[in-house]
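Along the sequence shown, residues are numbered consecutively beginning with 1. Note that the structure is a prediction, hence the values are computed from the model and not measured.
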Amino acid sequence: MHLTKSWSNETTEYQVEENATMGYEYSTELDYSGLELMCEKSSNRFFRAWFLPTIYTIICLLALMGNFLVILTYLYFKRLKTMTDVYLLNLAMADLLFAISLPFWAASFMSKWHLGLYPCKAMFTIYKVSFFSGMFLLTCISVDRYFSITKAVSAHRCRSSAVFYGQVSSMVTWVMAVIFSVPDMVFSEVNGNGTCVENGSNYEDYRIRMLLSQMVLGFIIPAIVIGFCYICIIKTLIQAKNFERNKAFKVIIAVVAVFVFSQLPYNVVMGMSTQETQDCTKDNNRLYAMDVTRAVAFLRCCVNPFLYAFIGVKFRNDLLKLLKDLGCIRKSHLMYCGKRRSSVGLDTDTTTTFSP
């Protein structure tokens with residue numbers, strides 16, 4: 001008796017051909033009712049194809065403009081005089097580096113990856129390096145503000161060496177960010193479908209640990225340190241009776257609110273993704289949530305210049321002078337802005353204790 005096997009898209013039939021010496025034939029079909037069906041994700045792919053490129057393009061343009069102005073202002077006026085200046089310059093560089101990678105992320109969702117293996121690895125590596133360095137630098141800024149406000153006397157004594165300490169600590173943050181991005185560099189590849197993804201051998205064994213390490217190092221620890229620093233700063237400001245206190249409170253609320261709003265939902269969804277599920281609807285909803293919350297988290301790179309640099313009066317003055325030198329604004333407009341600040345009592349070295 002001779003056995004042949006034929007495959008079709010819907011069912012698999014085993015047909016038994018008749019033996020020449022035996023006078024019968026039969027066929028049988030396997031029952032697939034107990035097998036798992038593939039979860040359909042075409043709607044997720046369609047959503048990614050238009051949503052992520054659109055939002056990434058907007059974030060990229062805003063981040064490039066804001067962070068480029070920060071870097072240009074610092075370099076043009078050589079403003080690296082404090083530890084905060086060093087941190088803000090490095091933060092702008094990290095956000096600018098991340099913004100440059102966003103067009104490649106957008107292109108990868110719209111079509112197949114045509115740039116090869118090493119650009120694929122570079123895209124994932126740049127994302128993680130800029131992500132970790134940005135979070136570490138935000139933490140460093142909070143610690144610097146904590147010491148400069150709550151430990152003002154001690155901080156003033158170290159003022160002469162503050163720039164050096166800022167440069168060393170910034171270098172340490174970049175080195176740590178590169179080290180933490182090594183797994184993404186190793187596991188990123190171009191799969192058989194021509195898509196740049198994190199896969200590779202043994203990736204599933206490390207995926208949960210990679211996600212958990214990103215949550216702990218990139219959110220939980222920075223959130224604890226930032227929260228502690230700002231709570232102590234608020235206590236100090238409550239005891240200080242001066243005209244800057246109310247403005248400083250607003251700055252603290254804005255900084256904390258942006259941090260929580262942009263990072264908390266993304267990390268919650270990322271934590272949920274570590275749990276396996278057999279529910280196709282739940283899995284699809286989780287993919288939608290991951291895409292949306294990740295896009296919100298990416299907004300941080302274009303909001304940082306307004307929260308940490310443009311809010312300072314001295315920095316705004318230098319920025320306006322730079323725009324005047326570049327011919328972007330008129331001298332009369334610059335003089336009007338200076339008079340307006342003086343008339344409302346804001347023409348000081350810093351509007352708040354948070355301004356560089």
Side-chain angles (χ1 to χ4, degrees), residues 48 52-72 87-140 170-191 194-200 203 206-207 209-211 213-219 222 262-263 266-267 270 290-291 293-305 308:
R48 280 188 166 189
L52 293 183
T54 302
I55 194 69
Y56 284 3
T57 301
I58 297 173
I59 295 173
C60 177
L61 294 176
L62 293 176
L64 286 175
M65 179 180 63
N67 291 287
F68 180 74
L69 287 176
V70 173
I71 295 174
L72 189 61
Y87 292 147
L88 289 177
L89 177 61
N90 281 271
L91 180 62
M93 293 171 61
D95 289 340
L96 186 66
L97 182 66
F98 176 71
I100 293 174
S101 70
L102 284 179
F104 297 96
W105 282 101
S108 68
F109 290 116
M110 296 177 66
S111 62
K112 292 184 178 181
W113 184 261
H114 301 287
L115 300 180
L117 176 62
Y118 291 107
C120 173
K121 289 182 176 293
M123 183 180 69
F124 276 95
T125 304
I126 289 174
Y127 161 62
K128 278 301 174 65
V129 169
S130 58
F131 170 80
F132 281 117
S133 60
M135 298 304 294
F136 294 158
L137 288 166
L138 290 178
T139 307
C140 290
S170 296
M171 183 63 66
V172 171
T173 61
W174 283 104
V175 173
M176 292 174 59
V178 172
I179 293 174
F180 293 148
S181 67
V182 169
D184 295 86
M185 187 188 308
V186 172
F187 290 114
S188 55
E189 65 173 19
V190 181
N191 63 14
T195 307
C196 180
V197 295
E198 284 184 312
N199 198 356
Y203 171 71
Y206 288 92
R207 185 180 72 89
R209 280 178 276 182
M210 290 171 61
L211 290 175
S213 63
Q214 178 175 335
M215 292 172 57
V216 173
L217 298 173
F219 176 72
S262 64
Q263 301 303 315
Y266 176 50
N267 281 272
M270 189 162 51
M290 179 66 76
D291 290 337
T293 55
R294 183 190 290 117
V296 173
F298 286 0
L299 286 171
R300 176 177 55 85
C301 68
C302 56
V303 176
N304 283 338
Y308 294 92

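Pairs of residues two or more places apart, or lying in two chains, never qualify as salt bridge (Lys or Arg N to Asp or Glu O under 4.0 Å) while including a residue from residues 94-104. Note on residues 93-140: pairs passing disulfide bond (SG atoms under 2.5 Å apart), not counting sequence neighbours, are Cys120-Cys196. Listed by first then second residue, pairs satisfying salt bridge (Lys or Arg N to Asp or Glu O under 4.0 Å) with a partner in residues 118-128 read Lys128-Asp184, not counting sequence neighbours.
Under the ring pair (Phe, Tyr, Trp, His ring centres under 6.0 Å) criterion, Phe124 pairs with Trp105, sequence neighbours left out. In terms of the side-chain contact (heavy atoms from CB on, under 4.5 Å) criterion, residue partners of Tyr266 (sequence neighbours excluded) are, by chain and number, Tyr127, Gln214, Met270, Met290, Thr293, Arg294, Ala297. Applying the side-chain contact (heavy atoms from CB on, under 4.5 Å) criterion to Met176, with sequence neighbours excluded, gives Phe136, Val172, Phe180. Checked against side-chain contact (heavy atoms from CB on, under 4.5 Å), Val216 has the following partners two or more places apart in sequence or in another chain: Ile220, Ile221. In this structure, Trp113 has no side-chain hydrogen bond (donor to acceptor under 3.5 Å, both in side chains) partners at least two apart in sequence or on a different chain. Residues meeting the side-chain contact (heavy atoms from CB on, under 4.5 Å) test with Val197, sequence neighbours left out: Asn191, Thr195, Asn199.
In this structure, Leu299 and Ser262 have side chains that are not in contact, with every pair of non-hydrogen atoms separated by 4.5 Å or more. Side-chain atoms of Leu91 and Val70, non-hydrogen and from C-beta on, never get closer than 4.5 Å to each other.
Between Leu102 atom CG and Ile126 atom CD1 the span is 10.5 Å, to the nearest 0.5 Å. From Arg300, atom CZ reaches atom CG of Leu138 across 5.5 Å, with rounding to the nearest 0.5 Å. Residue Ser101 holds its OG atom at 10.0 Å from CG of Leu96, rounded to the nearest 0.5 Å.
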Please evaluate residues Ser181 and Val129 with respect to the criterion side-chain contact (heavy atoms from CB on, under 4.5 Å), reporting the C-alpha separation (whole Å), side-chain torsions for both, the decisive distance (0.1 Å), and the verdict. CA-CA 6 Å; Ser181 67; Val129 169; 3.3 Å; yes
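Looking at every heavy atom in both residues, Leu137 comes nearest to Thr173 through CD2-OG1, 3.8 Å. Summarising the geometry of Met185 relative to Thr125, their closest heavy-atom pair is CB-OG1, 3.4 Å, with the distance given to 0.1 Å. Heavy atoms only, all atoms of each residue included: Ser133 and Ser130 are closest at OG-O, 3.2 Å.
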Could you list the donor-acceptor pairs under 3.5 angstrom formed between side-chain atoms of residues 55-69 and any protein atom two or more places apart in sequence or on another chain?
unit_1 : atom_1 : unit_2 : atom_2 : d
Thr57  : OG1    : Pro53  : O      : 2.6
Asn67  : ND2    : Ala63  : O      : 2.8
Asn67  : ND2    : Cys301 : O      : 2.9

